[in-house]
Amino acid sequence: MAKLNIVLYEPEIPANTGNIGRTCVATGTRLHLIEPLGFQLTEKALKRAGMDYWKDLDVTTYVNYEDFLRRNPGAKIYMATTKGQNVYTDVAYEEDCYIMFGKESAGIPEEILAHHRADCVRIPMMDEIRSLNLSNSVAVVLYEALRQNRFSQMQLTGHLTKYEDYIE
């Protein structure tokens with residue numbers, strides 16, 4: 001079964017990663033963490049934010065970006081960045097694509113973005129704002145990708161369990 005993938009490049013704040021982990025569990029999304037991390041995976045703040053969902057998370061860690069690429073050959077990767085030319089809603093997300101987000105203090109390094117210019121996406125916001133919180137950004141883009149894939153494998157609400165039941 002195809003799954004969407006969220007990639008965090010060198011995340012620094014445990015609460016953000018915990019929140020993102022919880023979102024990934026709730027949506028059946030895989031989480032990929034590229035080291036170095038700004039915290040230990042055993043840190044209390046990470047577990048508190050992820051609550052009791054962390055044990056159910058499909059998570060993989062990588063020693064660096066090259067390790068990530070080597071272990072995911074041919075992956076279709078979208079780069080979420082304030083420098084992106086494409087609005088995140090204007091991209092067609094494949095059901096097994098990877099959506100990468102950079103560290104809170106610096107984003108994705110320019111040397112990585114340079115190889116993915118056509119696949120860079122951004123969330124529109126006011127000029128005065130540098131960026132949204134990382135966990136909020138992941139949720140915004142991930143739910144757009146899920147919507148485009150008709151919330152595949154997800155239960156919607158109540159007795160209606162298929163996307164088609166909502167679009168009459």
Side-chain angles (χ1 to χ4, degrees), residues 3-41 43-51 53-54 57 59 61-62 64-66 68-69 72 75-95 97-151 154 156-157 166:
K3 283 187 171 187
L4 288 167
N5 298 272
I6 293 296
V7 181
L8 301 182
Y9 179 87
E10 300 181 3
E12 299 166 315
I13 301 174
N16 282 339
T17 301
N19 287 331
I20 292 164
R22 185 175 180 164
T23 299
C24 287
V25 171
T27 59
T29 302
R30 290 185 183 105
L31 179 60
H32 304 263
L33 302 175
I34 299 175
E35 297 177 345
L37 309 179
F39 49 87
Q40 300 293 320
L41 288 178
E43 197 160 316
K44 196 181 291 187
L46 176 75
K47 301 290 185 179
R48 189 178 316 116
M51 305 209 34
Y53 300 102
W54 195 259
L57 180 61
V59 61
T61 58
Y62 305 88
N64 55 34
Y65 181 65
E66 291 72 26
F68 168 76
L69 291 176
N72 297 284
K76 175 60 176 174
I77 307 169
Y78 295 95
M79 304 280 173
T81 172
T82 57
K83 301 172 181 101
Q85 296 303 307
N86 303 305
V87 173
Y88 77 100
T89 54
D90 292 340
V91 171
Y93 299 96
E94 299 82 357
E95 64 183 358
C97 70
Y98 294 71
I99 308 168
M100 181 180 287
F101 295 81
K103 62 176 140 184
E104 290 90 340
S105 65
I108 299 170
E110 186 60 38
E111 57 269 16
I112 293 175
L113 293 176
H115 298 288
H116 295 274
R117 288 282 178 228
D119 298 316
C120 288
V121 298
R122 65 180 169 78
I123 300 170
M125 62 189 88
M126 303 301 291
D127 286 339
E128 304 82 38
I129 302 298
R130 184 175 43 90
S131 64
L132 293 175
N133 171 275
L134 179 61
S135 61
N136 291 336
S137 296
V138 168
V140 166
V141 179
L142 175 57
Y143 267 87
E144 172 61 16
L146 290 164
R147 183 195 67 78
Q148 288 183 16
N149 285 281
R150 304 172 67 87
F151 298 101
M154 291 178 66
L156 297 174
T157 60
Y166 288 88

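Residues Leu142 and Thr23 meet the side-chain proximity criterion, which asks for heavy atoms closer than 4.5 Å. For the pair Ile77/Leu69, a side-chain contact is recorded, criterion being any heavy-atom separation below 4.5 Å from C-beta on. When side chains are defined from C-beta on, Val138 counts as touching Leu8, because their heavy atoms get closer than 4.5 Å. Side-chain contact between Glu111 and Tyr65: absent, with no pair of heavy atoms (C-beta onward) separated by less than 4.5 Å. Taking the side chain as every heavy atom from C-beta outward, Met100 and Ile34 approach each other to under 4.5 Å.
How far CG of Asp119 is from CG of Leu113: 11.0 Å, rounded to the nearest 0.5 Å. Put simply, CE on Met125 and OG on Ser131 are 6.5 Å apart, with the number rounded to the nearest 0.5 Å. Atom OH of residue Tyr93 and atom OH of residue Tyr88 lie 8.0 Å apart, to the nearest 0.5 angstrom. Between the OH atom of Tyr78 and the CG atom of Asn5 there is a distance of 12.5 Å, given to the nearest 0.5 Å. Put simply, CG on Asn19 and CD1 on Ile13 are 10.5 Å apart, with the number rounded to the nearest 0.5 Å. Atoms CG and CG, from Asn149 and Leu4 in turn, are 5.5 Å apart once rounded to the nearest 0.5 Å.
Heavy atoms only, all atoms of each residue included: Cys120 and Asn86 are closest at O-ND2, 3.1 Å. Nearest heavy atom pair, residue Arg130 against residue Thr82, reads O-CG2, 3.4 Å. Closest of all the heavy-atom pairs between Phe39 and Pro11 is CE2-O, 3.6 Å. Val91 approaches Gln148 most closely through the heavy-atom pair O-NE2, 2.8 Å. In this structure, Leu31 and Gly21 approach most closely via the heavy-atom pair CD2-CA, 4.1 Å.
Under a 3.5 Å cut-off, the side chain of Glu104 and the backbone N or O of Glu12 do form a donor-acceptor pair. In terms of modelled atom types and a separation under 3.5 Å, the side chain of Glu94 and the main chain of Lys76 share no donor-acceptor contact.
For Lys83, there are no side-chain hydrogen bond (donor to acceptor under 3.5 Å, both in side chains) partners two or more places apart in sequence or in a different chain.
In the model, Asn72 has a side-chain atom that pairs as donor or acceptor with a side-chain atom of Tyr62 under 3.5 Å.
Between Tyr98 and His32, the ring-plane angle classifies as tilted under the 30° and 60° cut-offs.
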